[in-house]
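Side-chain atoms are counted along with the backbone in the values below, which use heavy atoms only and exclude waters and symmetry mates. Residue numbers begin at 1 in each chain, while the letters A, B, ... track the order of the sequences. What you are looking at is a predicted structure, and each value in this text was computed from that prediction instead of being measured.
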2 protein chains.
Amino acid sequence: MADDRLSLVFSALADPTRRDIVARLAAGDATVNELAAPYDVTVQAVSKHIKALEEAGLVSRSRDAQRRPCHLEAEVFDLMTKWIERYRREAEDRFRRLDVLLEQMGGQPATGAPTTEAAS
Amino acid sequence: MADDRLSLVFSALADPTRRDIVARLAAGDATVNELAAPYDVTVQAVSKHIKALEEAGLVSRSRDAQRRPCHLEAEVFDLMTKWIERYRREAEDRFRRLDVLLEQMGGQPATGAPTTEAAS
DNA sequence: CGCATATTCAACCGATTGGTTTAGTACCCT
DNA sequence: AGGGTACTAAACCAATCGGTTGAATATGCG
């Protein structure tokens with residue numbers, strides 16, 4: 001797998017267990033054991049998932065005795081949203097131009113054309 | 001790999017070549033051959049990439065003689081942004097509450113606190 | 001110290017991935 | 001019909017993934 005930041009983030013979130021971990025961390029920091037509890041896989045497997053999230057920059061960890069509390073680094077989400085929004089906007093602009101063109105040609109407007117507050 | 005929609009979309013975008021294909025499709029529809037041209041992999045490999053994007057719902061295809069023009073379905077991006085924004089918001093709200101709490105306790109405000117127009 | 005708890009490391013396993021080559025299908029043109 | 005172009009399917013391969021078990025490390029507690 002490519003090791004650039006965006007690839008790491010996307011592939012970290014491609015796994016439902018890891019997305020669930022992120023969702024739970026959004027509600028508050030938690031230790032590996034706490035995070036592992038709800039799943040029916042071993043704590044080692046969860047430890048690996050957390051490591052993947054950490055390498056993607058989505059999670060950071062501190063130390064509290066033998067515990068390693070995990071903390072969600074939500075800023076990394078920006079990297080994704082920026083990428084997504086950029087191309088979504090391009091695609092929608094293009095669609096809108098096409099729509100205008102079709103109207104000028106006297107045809108029906110294209111169906112499902114995104115509006116200015118597209119896909120809120 | 002999990003086959004729920006969100007997993008398919010995230011893992012489709014975890015590959016830099018596929019992200020590049022999406023970026024190029026945002027500028028306009030293109031055929032498999034056109035898309036494959038810039039990369040130094042075989043057209044079959046690109047065909048597979050496009051299939052992955054298609055299965056994630058990011059790309060649709062029509063038919064034009066022997067050509068199969070690819071079209072970006074930007075609406076699917078919403079699925080991701082919704083997921084991302086939800087947990088980012090939760091995490092930031094939590095961070096802000098902590099920040100307020102620290103101030104009430106007379107300490108320094110936490111550093112790097114997200115503002116209301118967080119990480120623009 | 002000795003033991004329990006929390007976490008990681010290492011080795012292994014089957015499934016999946018991204019790539020290849022080779023072959024097949026679909027369509028146009030003469 | 002025959003041949004070229006665009007694309008997909010199939011079989012294969014090395015690398016990675018998500019999981020396991022078992023052992024190691026780090027810390028707190030009596």
(request) Calculate, to the nearest 0.5 Å, the distance between atoms CD and CG belonging to Gln66(A) and Asn33(A) respectively. (result) 10.0 Å
(message) Ring-plane angle category for Phe10(B) and Trp83(B), please: parallel below 30°, perpendicular beyond 60°, tilted otherwise.
(response) perpendicular
(message) Tell me whether Glu90(B) is salt-bridged to Arg86(B), with the criterion being a basic N under 4.0 Å from an acidic carboxylate O.
(response) yes
(request) Quick one: closest heavy-atom pair of Leu25(A) and Ala30(A), and the distance? (result) CD2-N, 3.7 Å
(request) Take the protein atom CG of Asp3(A) and the nucleotide atom C1' of dA15(D), then report the distance between them rounded to whole Å. (result) 14 Å
(message) I'd like to know whether Ile21(A) forms a side-chain contact (heavy atoms from CB on, under 4.5 Å) with Val46(A), so could you lay out the CA-CA distance, the side-chain angles of the two residues, the decisive distance to 0.1 Å, and finally the verdict.
(response) CA-CA 9 Å; Ile21(A) 289 173; Val46(A) 174; 4.2 Å; yes
(message) Below 4.0 angstrom, which residues in residues 44-62 of chain B have at least one non-hydrogen atom near DNA chain D?
(response) Gln44(B), Ser47(B), Lys48(B), Arg61(B)
(request) Take the protein atom OH of Tyr39(A) and the nucleotide atom C1' of dT20(D), then report the distance between them rounded to whole Å. (result) 19 Å
(request) Pick base, sugar-phosphate or nothing for Thr17(B), based on heavy-atom distances below 4.0 Å to the nucleic acid. (result) nothing
(message) Less than 4.0 angstrom from a charged side-chain N to a carboxylate O is my criterion; do Arg19(B) and Asp4(A) meet it?
(response) yes
(request) For the side chain of Arg68(B), starting at C-beta, report the closest nucleotide among dC7(D), dG18(D), dT7(C). (result) dC7(D)
(message) Please tell me if Asn33(A) has a side-chain N or O lying less than 4.0 Å from either OP1 or OP2 of dT7(C).
(response) yes
(message) Check whether Arg18(A) reaches the backbone of Leu53(A) with its side chain - one donor and one acceptor, N or O, closer than 3.5 Å.
(response) no
(message) Between the side chains of Arg61(B) and Asp29(B), is the shortest nitrogen-to-carboxylate-oxygen separation below 4.0 Å, so that they form an ion pair?
(response) no
(request) Give the rounded distance in Å between these two atoms: CG of Asp15(B) and P of dT16(C). (result) 18 Å
(message) Less than 4.0 angstrom between a side-chain N/O of Thr42(A) and OP1 or OP2 of dG19(D), yes or no?
(response) no
(message) With the threshold set at under 4.0 Å for non-hydrogen atoms, list the residues of residues 21-30 of chain A touching DNA chain D in residue-number order.
(response) none
(message) Please check this pair: side chain of Arg67(B) against backbone of Thr31(B), looking for a donor-acceptor N/O pair closer than 3.5 Å.
(response) no
(request) Quick one: pull up NE2 in His49(B) and CG in Asp20(B) and give me the separation to the nearest 0.5 Å. (result) 10.5 Å
(message) Counting primed atoms plus P, OP1 and OP2 as sugar-phosphate and everything else as base, spell out the protein contacts along nucleotides 25-30 of chain C at 4.0 Å heavy-atom distance: B, S or - for each nucleotide, 5' to 3'.
(response) --BS--
(request) Verify, without hydrogens or angle tests, whether Arg24(A) (side chain) and Leu35(A) (backbone) share a donor-acceptor contact under 3.5 angstrom. (result) yes
